[in-house]
Protein chains: 2
Amino acid sequence: MAANDGRLDEAARAGWLYYVAGNTQDQIAAKLGVSRQSAQRLVSLAVSEGLVKVRIDHPIAACLDLGRRLVERFGLALCEVVPTDPGSTSTTLGVAQAAAVEIEKRLRRPEPAIMALGTGRTLKAVVESLPRIDCPQHRVVSLTGNIAPDGSAAYYNVVFTLADHVTARSFPMPLPVIATSPEERAMLHAQAMIRPTLELAARADITFVGIGDLGPEAPLFLDGFIRRDELAALQAAGAVGEIVGWAFDRDGALIEGLTNPRVASAPIPSRARSLVVALAKGERKLPGIRAAIRGGLVNGLVTDEATARTLLS
Amino acid sequence: MAANDGRLDEAARAGWLYYVAGNTQDQIAAKLGVSRQSAQRLVSLAVSEGLVKVRIDHPIAACLDLGRRLVERFGLALCEVVPTDPGSTSTTLGVAQAAAVEIEKRLRRPEPAIMALGTGRTLKAVVESLPRIDCPQHRVVSLTGNIAPDGSAAYYNVVFTLADHVTARSFPMPLPVIATSPEERAMLHAQAMIRPTLELAARADITFVGIGDLGPEAPLFLDGFIRRDELAALQAAGAVGEIVGWAFDRDGALIEGLTNPRVASAPIPSRARSLVVALAKGERKLPGIRAAIRGGLVNGLVTDEATARTLLS
DNA sequence: TTCGCCCGTGAGCAATTACTCATACCAGCG
DNA sequence: CGCTGGTATGAGTAATTGCTCACGGGCGAA
């Protein structure tokens with residue numbers, strides 16, 4: 001660990017000399033007394049470890065405009081639109097970074113606040129691109145369980161990862177995502193460990209959630225939280241997306257019955273008194289995004305240009 | 001302007017695709033429909049226009065440690081130490097970026113605050129590396145005049161430059177830096193336009209100033225604010241540095257007489273009730289830095305590793 | 001102690017990027 | 001209408017970077 005830290009230290013230094021001071025890797029090698037290849041490795045280590053954060057500080061007119069129009073059209077309280085990379089297959093590229101900036105902005109405020117987080121690949125990517133922040137005044141609460149169907153702690157539980165970067169007090173939720181029965185759900189929620197967390201979630205000042213699609217590759221299904229027949233039933237009932245497990249139809253109304261009564265996640269915090277920001281982009285999630293903002297499940301959105309355009313058309 | 005903006009827009013997009021999305025310039029060229037060379041030009045334009053901000057998000061242990069020791073040793077309220085690039089001749093590299101981060105942090109706070117700024121090459125570089133921030137709740141006031149000896153607006157008046165990036169209310173000071181006589185100074189300060197600004201400066205919550213050396217290449221002399229004989233007189237009187245024109249000796253005590261009675265800048269705000277941060281690094285400025293912190297002219301410092309080490313030795 | 005594995009290192013090479021120069025284009029002007 | 005200065009563009013080339021592979025030293029297991 002100490003050696004590793006020393007290495008990261010060197011990597012940070014190399015990255016600094018490279019990106020900030022504008023040295024070539026040869027110069028860095030000379031200054032740090034290592035071979036050019038090692039310098040290159042240090043720089044690339046700095047990048048891959050996420051030590052190097054790049055942001056483009058220019059309001060690309062087209063994106064700004066799309067954001068404004070989305071705010072107007074759907075009555076959103078917050079909307080960020082990032083450029084689309086036409087070739088990329090990533091479902092988080094750009095959105096994650098933009099969301100991280102928003103989160104960082106809140107966490108840097110000195111007034112104590114409660115932030116609730118959902119789960120999923122997008123949130124995971126967001127948290128990974130957060131810088132280190134010291135903010136013990138804030139509390140971060142997970143909206144959803146961190147127990148995978150196989151009993152292990154789910155990879156996508158983001159509050160744990162967040163704790164690596166941020167010193168806020170964190171409240172994970174030691175629950176499955178979807179209980180086996182409504183009764184089990186009730187029992188779990190009644191636990192002494194859980195109730196304070198649920199109450200905290202209900203009082204969140206700001207919430208960031210991903211939106212899951214419910215197509216054939218629904219993350220909820222892929223990750224084993226629901227079975228194929230349950231997915232099919234949801235689809236048949238008109239479900240087009242889900243937020244922390246709560247499936248909803250094209251009007252943004254939660255599906256009655258099926259898996260929803262067993263969802264062990266906290267309810268989505270109130271849009272009336274807090275900011276609930278959805279992070280999502282891409283063709284597959286479009287029906288879900290559209291439903292969530294039309295139905296008022298969320299009042300904030302971070303998405304990309306292409307998705308924004310389609311939403312407006 | 002419109003065309004230029006469109007170009008910057010493209011540049012920002014290219015920069016985004018390059019740095020955030022990780023495309024090669026070939027790919028960017030294809031996606032933007034331009035030649036590879038043009039894509040390269042767009043990316044480099046984005047960099048040179050300062051659209052691309054890189055920060056290294058790792059507390060380099062050595063720097064942290066130096067900062068802590070400086071805080072302890074000199075009773076500072078804030079100290080940031082950045083790595084040194086052994087080969088670079090820049091007097092602002094690193095320090096400017098670190099200071100920009102500190103300033104940004106303050107400006108992002110929602111509670112209204114008053115920030116005072118000095119002048120000089122360092123401050124200029126700081127302001128240029130600030131991102132765009134919308135913060136009309138804050139007020140930014142210049143401590144010093146913006147009229148050069150030849151009557152033009154001085155290049156290094158940073159509050160104007162700041163206004164390009166930040167929407168805070170700004171209060172420049174339409175004064176020379178050093179008046180021709182103490183009487184002129186008094187008269188200038190009595191002006192109705194000036195007095196509110198001076199009062200604002202006195203109430204600043206946080207102040208950032210550069211430290212000028214008074215060696216043979218003193219910026220005050222190079223920029224024509226003082227004559228060679230005045231510089232010599234200051235040196236003879238034991239002056240080792242200046243802050244917004246106020247020359248001080250090695251104990252950090254303001255020089256009596258000479259140019260000081262004619263300095264038209266606002267007094268350095270109170271260290272007792274606010275934070276006054278000096279931004280400076282480099283051999284030449286060392287005597288000035290040492291004097292300023294030992295004499296309590298400032299209670300914060302942003303500097304580089306090499307300077308920090310020397311200060312501690 | 002010795003063997004084998006693995007991590008880090010250095011060399012060479014392919015890919016990518018940055019720079020220089022010549023050319024083309026355009027606006028303003030005679 | 002043609003000229004001229006300035007600016008953008010494309011081509012070629014040098015520099016820089018990133019990748020792969022083979023080597024070597026350290027460490028744990030037998």
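Lettering of chains follows the sequences in order, A, B, ..., and the numbering in each one begins at 1.
- Between the side chains of A:T310 and A:S313, no donor N or O sits under 3.5 Å from an acceptor N or O.
- Contact between the side-chain N/O atoms of A:S38 and the OP1/OP2 oxygens of C:dG10 is found at a separation under 4.0 Å.
- As rounded to whole Å, 16 Å separates atom P of C:dT16 from atom CG of B:L17.
- Note that CG of A:L162 and CE of A:M115 are 8.0 Å apart. Values are rounded to the nearest 0.5 Å.
- Donor-acceptor pairing under 3.5 Å, judged by distance alone, is present between the side chain of B:R41 and the base of D:dG10.
- In this structure, the CG atom of B:L42 is 11 Å from the P atom of D:dA8, given to the nearest Å.
- Side-chain nitrogen and oxygen atoms of A:Q40 include none within less than 4.0 Å of the OP1 or OP2 phosphate oxygen of D:dT17.
- Rounded to a whole Å, the CG atom of B:L45 is 16 Å from the C1' atom of C:dC19.
- In terms of phosphate contacts, A:Q37 brings no side-chain nitrogen or oxygen within less than 4.0 Å of OP1 or OP2 of C:dT9.
- Within 6.0 Å of CD in A:Q37 there are more than 12 heavy atoms belonging to other residues, nucleotides or ligands.
- For the contact set between residues 20-29 of chain B and DNA chain C, defined by any heavy atom under 4.0 Å, the members are B:T24, B:Q25.
- Here the closest heavy-atom approach between residue B:L107 and residue B:C135 is recorded as O-CB, 3.5 Å.
- Between A:S35 and C:dA11 there is no side-chain N or O to OP1 or OP2 distance below 4.0 Å.
- Taking 4.0 Å as the cut-off between side-chain N and carboxylate O, A:R121 and A:D223 count as a salt-bridged pair.
- Under 3.5 Å, the side chains of B:K281 and B:T91 contain no donor-acceptor pair of N or O atoms.
- Between A:Y18 and the phosphate of D:dT16, there is no side-chain N or O to OP1/OP2 separation shorter than 4.0 Å.
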